[in-house]
Amino acid sequence: MGVYSYKTEPLLDFTKEETLLKYKDALNLVESYMGKTYPIIIDGERIETGKLYVSVNPADKSEVVGNIHQATLENAKHAMEVALKRFKEWKKVSASSRADVLFKAASIIRKRKYEFSALMTKEAGKPWPEADADTAEAIDFLEYYGRQMLLLEESDKKTKSRRNMERNVFKYIPLGVAAVITPWNFPLAILAGMTTAAVVGGNTVLLKPAITTQVIAYKFMEVLEEAGLPHGVVNFIPGDGPEIGEFMVQHPKTRFVSFTGSKQVGQTIYEEAAKTRPGQIWLKRVIAEMGGKDAIVVDSSADLDFAAESIVKSSFGFSGQKCSACSRAIILEDVYQGVVDRVKVLTEQLTLGNPTDFNNFMGPLNDEKAFNKVKSYIEIGKQEGKLLTGGIANDEVGFFVEPTVFYDLDPQSRLMQEEVFGPVLAMTKVKTFEEALEVANNTEYGLTGAVISQNRLHLELAKEEFHVGNLYLNRKCTGAIVGYHPFGGFNMSGTDSKAGGPDYLPLHMQAKTISEML
């Protein structure tokens with residue numbers, strides 16, 4: 001395979017004292033620059049707008065992580081002008097040179113791995129292993145997309161063919177200016193993946209990161225600059241979603257929109273991008289991932305200890321703030337009580353607190369809005385089912401919600417249908433495996449799902465009938481691995497764009513056929 005070989009970034013071994021000490025040193029480093037002020041970046045120029053967003057530690061609201069200048073509409077217009085101008089130059093840069101920027105960026109992040117992870121612990125509330133996995137995935141995206149671009153470049157060379165007196169060439173070319181709108185729950189990995197997939201494809205970018213994790217986004221901009229990315233290829237314009245986001249999506253010169261976030265915002269983007277506006281001579285593409293209502297099905301033949309462990313890890317890792325998180329457990333009636341009992345024991349063993357303490361498995365929710373939403377769903381759960389454990393929310397210091405489990409829920413209940421995006425698990429009982437798959441499929445989402453079973457026929461049936469973009473058999477439903485688990489869902493979970501897979505980069509380009517008579 002040579003240069004095209006790809007290996008995932010190893011995760012840190014937190015059983016080693018050396019690893020723990022390095023992480024603590026990184027936390028000290030991050031604390032040394034907390035409270036600093038960061039500008040927007042357009043064409044490499046640092047611009048202070050005077051309009052500041054204060055990013056706080058969600059585990060301790062008294063701690064200011066950073067103050068970030070927010071882009072105005074005029075700044076966004078300037079950024080678009082720059083991106084259009086730079087596109088004329090960047091699209092002509094060879095694919096291999098563009099890929100080299102990604103490889104260099106991966107090397108820089110690898111050297112600063114502990115720092116980036118510690119920054120996510122502070123700004124995103126990520127426990128150490130979750131932050132480390134985020135950083136490793138960012139490196140994976142950079143390494144993988146760089147190699148995928150090299151493969152596409154090589155493929156272009158091989159698609160020359162002759163027919164009679166005709167020479168034919170098939171090649172991928174860049175699209176134009178991308179509006180990249182990134183989420184807060186994977187503030188480095190998904191940010192890096194979405195941004196550099198556009199960049200390595202020869203496009204220029206208007207980058208609007210999630211508002212609560214803008215310091216992380218700024219630090220990634222520093223990495224791209226150090227990696228040699230020319231000024232203006234990525235323009236950093238953090239700002240108000242309804243103002244800056246709408247401008248980016250609606251602008252007639254925006255060629256495509258790459259979005260990860262809520263279903264509600266994703267639907268609006270999809271609708272707005274579909275409208276052609278004066279001066280627009282193309283149909284905009286939308287690459288969207290919009291969340292899920294993911295289920296783990298437990299069959300009668302399952303190892304109940306393993307099933308309970310898979311459910312708890314999938315439900316409460318990073319406080320359930322993953323679009324892939326298990327929020328529904330669908331269990332066959334003859335093993336139902338056994339799984340419920342085991343889930344209760346495991347959930348009550350989880351530790352909740354400030355993630356700067358390695359011993360805390362769970363940290364805070366993202367912000368006050370997320371906290372209030374999850375708290376409201378806990379009240380709904382108390383009306384719809386039985387509270388097994390948890391249910392306590394406290395925002396005096398940070399936005400903390402206990403891991404919460406409800407059971408004996410109706411499959412049509414709100415807690416079984418609506419995305420909560422927090423540490424709330426709903427459990428329900430079914431009579432047959434076929435019924436379990438029907439319940440698993442009965443939401444508007446279709447992102448991830450898992451089946452825990454030793455019955456080969458049931459596993460084969462799930463392969464055919466469980467309608468999700470990422471189906472996991474006898475493992476948890478979170479933790480997609482770049483290059484091995486291309487990630488993206490069906491229905492209202494998005495456009496099934498399959499990030500981290502071989503089909504992803506071509507979405508950021510267009511195919512051109514050239515035929516010449518000889």
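The chain is numbered in sequence order, starting from 1.
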Solution key, residues 59-68 side-chain donor-acceptor pairs under 3.5 Å, sequence neighbours excluded:
| residue | atom | partner | partner atom | Å |
| --- | --- | --- | --- | --- |
| Asp60 | OD1 | Ser62 | N | 3.2 |
| Asp60 | OD1 | Ser62 | OG | 2.6 |
| Lys61 | NZ | Asp395 | O | 2.5 |
| Glu63 | OE1 | Asn57 | ND2 | 2.9 |
| Glu63 | OE1 | Lys122 | NZ | 3.2 |
| Asn67 | ND2 | Gly35 | O | 3.1 |

Practice problem: Please test Cys326 against Thr478 for side-chain contact (heavy atoms from CB on, under 4.5 Å), starting from the C-alpha separation and ending with a verdict. | Solution: CA-CA 8 Å; Cys326 171; Thr478 58; over 6 Å; no

Quiz item: Are Tyr172 and Phe170 an aromatic pair by the rule of ring centers under 6.0 Å?
Solution: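 Yes - the distance between ring centres of Tyr172 and Phe170 falls below the 6.0 Å cut-off.
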
Distance-only side-chain donor-acceptor flag, [X] / [Y], under 3.5 Å:
X	Y	answer
Asn75	Gln70	no
Ser55	Gln214	no
Thr212	Asp367	no
Thr72	Thr49	no
Ser97	Asp100	no

Quiz item: In Å, rounded to the nearest 0.5 Å, how long is the span from CD of Glu419 to OG of Ser262?
Solution: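 Nearest 0.5 Å value for the CD-OG distance: 8.0 Å.
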
For [X], all residues meeting side-chain hydrogen bond (donor to acceptor under 3.5 Å, both in side chains), sequence neighbours excluded:
X	answer
Tyr23	Thr121
Asn235	none
Tyr218	Arg46
Thr356	Asn354

Provide the closest heavy-atom pair for [X] versus [Y] in the form atom of the first, atom of the second, distance.
X	Y	answer
Pro39	Glu48	CB-CG, 4.3 Å
Gly146	Phe103	C-CZ, 3.5 Å
Arg328	Met416	CD-O, 3.0 Å
Ala79	Ile42	CA-CG2, 3.8 Å

Quiz item: How would you list, by chain and number, every residue that makes a salt bridge (charged side-chain N to carboxylate O under 4.0 Å, His left out) with Lys126, sequence neighbours excluded?
Solution: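 Per chain and number, Lys126 pairs via salt bridge (charged side-chain N to carboxylate O under 4.0 Å, His left out) with Asp134.
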
Quiz item: Does Glu396 have any salt bridge (charged side-chain N to carboxylate O under 4.0 Å, His left out) partners at least two apart in sequence or in another chain, and if so, which?
Solution: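 In terms of salt bridge (charged side-chain N to carboxylate O under 4.0 Å, His left out), with neighbours along the sequence ignored, Glu396 is linked to no residue.
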
Under 4.0 Å between a side-chain nitrogen and a carboxylate oxygen: does that hold for [X] and [Y]?
X	Y	result
Arg277	Glu272	yes
Lys322	Glu130	yes
Lys85	Glu81	no

Self-check item: Cation-pi check, Lys208 onto Phe247 ring (under 6.0 Å, within 45° of axis)
Solution: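 No; the conditions do not both hold, so Lys208 does not lie above the ring face of Phe247.
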
Practice problem: Indicate yes or no for a side-chain donor-acceptor contact from Lys284 to the backbone of Gln250 under 3.5 Å, with no hydrogens or angles considered. | Solution: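 Present.
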
Residues in ring-ring contact (aromatic ring centres under 6.0 Å, His included) contact with [X], at least two apart in sequence or another chain:
X	result
Tyr445	none
His467	Phe490
Tyr145	Phe141, Tyr504

[X] atom [atom1], neighbour heavy-atom count above 12 within 6.0 Å:
X	atom1	answer
Lys263	NZ	yes
Gln267	CD	yes
Lys313	NZ	no
Gln264	CD	no

Quiz item: Which pairs pass salt bridge (Lys or Arg N to Asp or Glu O under 4.0 Å) with one or both residues in residues 184-207, sequence neighbours excluded?
Solution: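 Every candidate salt bridge (Lys or Arg N to Asp or Glu O under 4.0 Å) pair involving residues 184-207 fails, so no pair, neighbours aside, qualifies.
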
Side-chain donor-acceptor pairs of residues 175-202 under 3.5 Å, sequence neighbours excluded:
| residue | atom | partner | partner atom | Å |
| --- | --- | --- | --- | --- |
| Asn185 | ND2 | Gln321 | O | 3.2 |
| Thr195 | OG1 | Leu191 | O | 2.8 |
| Thr196 | OG1 | Ala192 | O | 2.6 |

Exercise. Give the intermediate values and the outcome of side-chain contact (heavy atoms from CB on, under 4.5 Å) for residues Glu418 and Val420.
Key: CA-CA 6 Å; Glu418 299 175 12; Val420 179; 5.7 Å; no

